[in-house]
Protein chains: 2
Amino acid sequence: MLKSSALETSLDDGSAIKPSARQRLMDASEQLFAEHGWNAVSIRTIVAAAGVNLAALHYHFGSKEQLLSEIFTARAKPIALERIRLLSEIDLDDAPSLERILEAFLRPALTIGSDVRFGGRAFVKLRARLATEPEAVSRRILANAFDESSGEFLHALARALPEIPQAELEWRFHFMLGTMFYTMADAGRIQSLTNGRCDPGRVEDALAHIIPFLAAGFRSKPELKSTIRSRRRPK
Amino acid sequence: MLKSSALETSLDDGSAIKPSARQRLMDASEQLFAEHGWNAVSIRTIVAAAGVNLAALHYHFGSKEQLLSEIFTARAKPIALERIRLLSEIDLDDAPSLERILEAFLRPALTIGSDVRFGGRAFVKLRARLATEPEAVSRRILANAFDESSGEFLHALARALPEIPQAELEWRFHFMLGTMFYTMADAGRIQSLTNGRCDPGRVEDALAHIIPFLAAGFRSKPELKSTIRSRRRPK
DNA sequence: GACTAATACAAACGTTCGTTTCAATAAGTC
DNA sequence: GACTTATTGAAACGAACGTTTGTATTAGTC
């Protein structure tokens with residue numbers, strides 16, 4: 001019963017303080033949620049990994065859902081801030097660089113939360129999972145955290161690509177989100193298809209490929225309507 | 001207790017035969033899985049929606065997982081076949097059209113299974129969900145169904161774009177998958193961001209925008225290495 | 001040292017999960 | 001009609017779920 005406190009005090013000579021139960025719960029659940037999804041991880045698994053009592057989770061967070069929400073906002077804020085910071089370094093009034101805007105949007109999403117503790121890309125994967133989760137609660141958390149900065153980037157893209165209609169830009173922004181989330185999810189599909197040659201887990205590799213790809217898509221001239229539809233009419 | 005068979009025989013004058021319990025289970029669970037995900041839907045919800053007994057599910061399918069597997073393969077086969085059919089109509093030996101290859105890959109995925117019964121895009125969404133599901137079982141089902149045709153399309157793309165290195169092509173194929181799945185998932189994020197102007201649920205709209213976007217990305221000249229990396233070194 | 005608030009603990013709560021059992025019924029065969 | 005097979009029915013199984021309860025322990029204040 002004295003175990004944890006004894007350990008904590010015996011180590012506070014500066015070498016390695018054992019984190020608080022609250023922090024350990026957040027760390028453990030972030031990793032587990034990312035690895036297996038929210039529904040698939042029970043709170044008993046979490047408290048076992050964190051080494052705390054079952055009731056501690058509800059004491060500190062109130063509910064499993066609130067735990068997810070707190071983890072998410074704690075991670076999301078630095079990402080949104082870094083995005084805005086990188087964006088603010090770009091002069092939007094003078095034909096801003098599309099590539100720099102894309103990197104300002106993508107790099108924080110793919111890197112922040114990596115290689116800090118545990119398995120590294122835990123939060124990155126978790127976020128990608130939530131983005132395609134059907135439950136309303138997941139999407140609400142996500143929208144609250146990122147919709148504002150997304151609006152700013154749409155505006156920046158409009159400045160960089162004045163000849164692209166707004167509606168077209170919104171579609172392409174949607175496509176960019178899909179590319180980003182799928183890369184973040186690191187689902188293993190492409191690794192198995194290419195025998196590991198293509199690995200979205202190598203973040204710098206991924207960024208180096210994704211930015212030129214998306215930039216070309218964004219810059220392409222919008223097609224005249226129904227070029228696609230008309231071709232299949234005879235069928 | 002005689003309800004179902006009485007209903008069935010009384011209607012078999014050709015007007016509307018009540019489908020078998022097995023079929024009703026597949027229809028109901030396809031919709032429910034697509035809407036809420038596999039874990040989130042209990043088999044009691046399914047049998048209630050299908051109007052059958054709880055034991056009927058295990059009688060016909062053996063397990064919940066097997067039910068998912070059968071639904072998936074039943075839908076996936078027509079998609080893979082239609083992809084191959086569309087691809088076979090393209091002459092790969094003579095500078096094949098990139099746009100046609102992309103359409104052959106994307107259109108079956110976005111359309112097949114739509115507007116047949118129920119809510120229409122059920123299977124399309126379900127498949128997108130499984131693609132980002134972390135559980136191994138989901139991905140195994142998906143890989144079995146589609147990896148073969150994916151390989152053929154990678155080959156076709158290499159024919160259409162001989163100047164793009166194989167590794168680059170694989171990355172771009174990965175990005176295409178992300179764009180496709182996110183559009184199929186129809187997560188609602190972009191609708192709320194654009195007040196409904198951009199709606200991935202309108203399939204022909206989506207195809208008309210996604211194909212030129214991806215084609216431009218695929219055609220773009222591969223960047224020299226480390227253009228991106230070198231810029232952030234000072235940081 | 002007494003009092004108070006914060007945290008930890010073990011145990012149980014009621015519910016829901018996927019699955020199984022076994023008897024009852026329907027349909028098919030001879 | 002007897003016999004066999006296919007399907008359905010109601011009920012229960014054990015396990016796991018998120019959550020709550022009540023008590024013990026710690027830490028801080030006077």
Side-chain angles (χ1 to χ4, degrees), chain A residues 1-12 17-29 32-33 35-71 133 135 137-138 141, chain B residues 1-12 17-30 32-33 35-71 133 135-138 141:
Chain A
M1 54 188 85
L2 302 176
K3 181 183 43 148
S4 69
S5 88
L7 207 76
E8 199 165 340
T9 42
S10 77
L11 288 177
D12 70 359
I17 309 266
K18 184 168 186 181
S20 69
R22 184 188 159 91
Q23 190 59 49
R24 273 180 291 151
L25 280 171
M26 290 189 67
D27 291 344
S29 53
L32 289 167
F33 285 157
E35 205 63 36
H36 308 102
W38 188 70
N39 272 328
V41 177
S42 75
I43 62 173
R44 283 172 177 82
T45 305
I46 295 170
V47 298
V52 304
N53 187 266
L54 186 58
L57 193 149
H58 290 91
Y59 175 77
H60 287 288
F61 299 96
S63 72
K64 188 189 182 186
E65 179 180 326
Q66 186 64 24
L67 168 62
L68 172 66
S69 176
E70 293 208 22
I71 287 175
E133 197 87 34
E135 302 301 327
V137 47
S138 310
I141 293 175
Chain B
M1 56 186 82
L2 302 175
K3 181 183 43 147
S4 69
S5 89
L7 206 76
E8 200 166 339
T9 42
S10 75
L11 287 178
D12 71 357
I17 311 264
K18 184 167 186 180
S20 70
R22 185 189 158 89
Q23 190 59 50
R24 274 180 291 151
L25 279 171
M26 291 189 68
D27 291 343
S29 53
E30 177 179 357
L32 288 167
F33 285 157
E35 205 63 38
H36 307 101
W38 188 68
N39 272 327
V41 177
S42 75
I43 62 175
R44 283 170 177 81
T45 306
I46 295 171
V47 298
V52 304
N53 186 268
L54 188 57
L57 192 147
H58 289 92
Y59 176 77
H60 286 288
F61 298 95
S63 72
K64 189 189 181 186
E65 181 179 326
Q66 186 63 24
L67 169 61
L68 172 66
S69 176
E70 293 209 20
I71 288 176
E133 198 87 33
E135 302 301 327
V137 47
S138 310
I141 294 176

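Residue numbers begin at 1 in each chain, while the letters A, B, ... track the order of the sequences.
- Proximity of A:F33 to A:I46: side-chain heavy atoms (C-beta onward) are separated by under 4.5 Å at one or more points.
- Between the CZ atom of A:F61 and the C1' atom of C:dT7 there is a distance of 13 Å, rounded to whole Å.
- In this structure, B:Y59 atom OH and C:dT25 atom C1' are separated by 13 Å, rounded to whole Å.
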Exercise for the section: Show your working on side-chain contact (heavy atoms from CB on, under 4.5 Å) between B:L32 and B:T45 and close with a plain yes or no. Expected result: CA-CA 9 Å; B:L32 288 167; B:T45 306; 4.1 Å; yes
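- In this structure, the side chains of B:V41 and B:S29 stay at 4.5 Å or more apart for every pair of heavy atoms.
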Exercise for the section: Quick one, give me the B/S/- string for nucleotides 13-19 of chain C, reading 5' to 3', where B means a protein heavy atom under 4.0 Å from the base and S means that only happens at the primed atoms, P, OP1 or OP2. Expected result: ----BBB
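- Side-chain contact between A:L57 and A:V52 is absent, with no heavy-atom pair separated by less than 4.5 Å.
- Separating the CZ atom of B:R24 from the P atom of D:dT8 is a distance of 8 Å, rounded to the nearest angstrom.
- A:I43 has its side chain within reach of A:H58: a pair of non-hydrogen atoms, C-beta onward, lies under 4.5 Å apart.
- Of all nucleotides listed (C:dT7, D:dT7, D:dA10), D:dA10 comes nearest to the side chain of B:A55.
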Practice task
I would like to know whether B:R22 and B:Y59 meet side-chain contact (heavy atoms from CB on, under 4.5 Å); could you show each step before the answer?
Solution key: CA-CA 9 Å; B:R22 185 189 158 89; B:Y59 176 77; over 6 Å; no
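- In this structure, B:H60 reaches the D:dT8 phosphate: one of its side-chain N or O atoms is under 4.0 Å from OP1 or OP2.
- Residue B:N53 has no polar side-chain atom (N or O) positioned under 4.0 Å from OP1 or OP2 of D:dT7.
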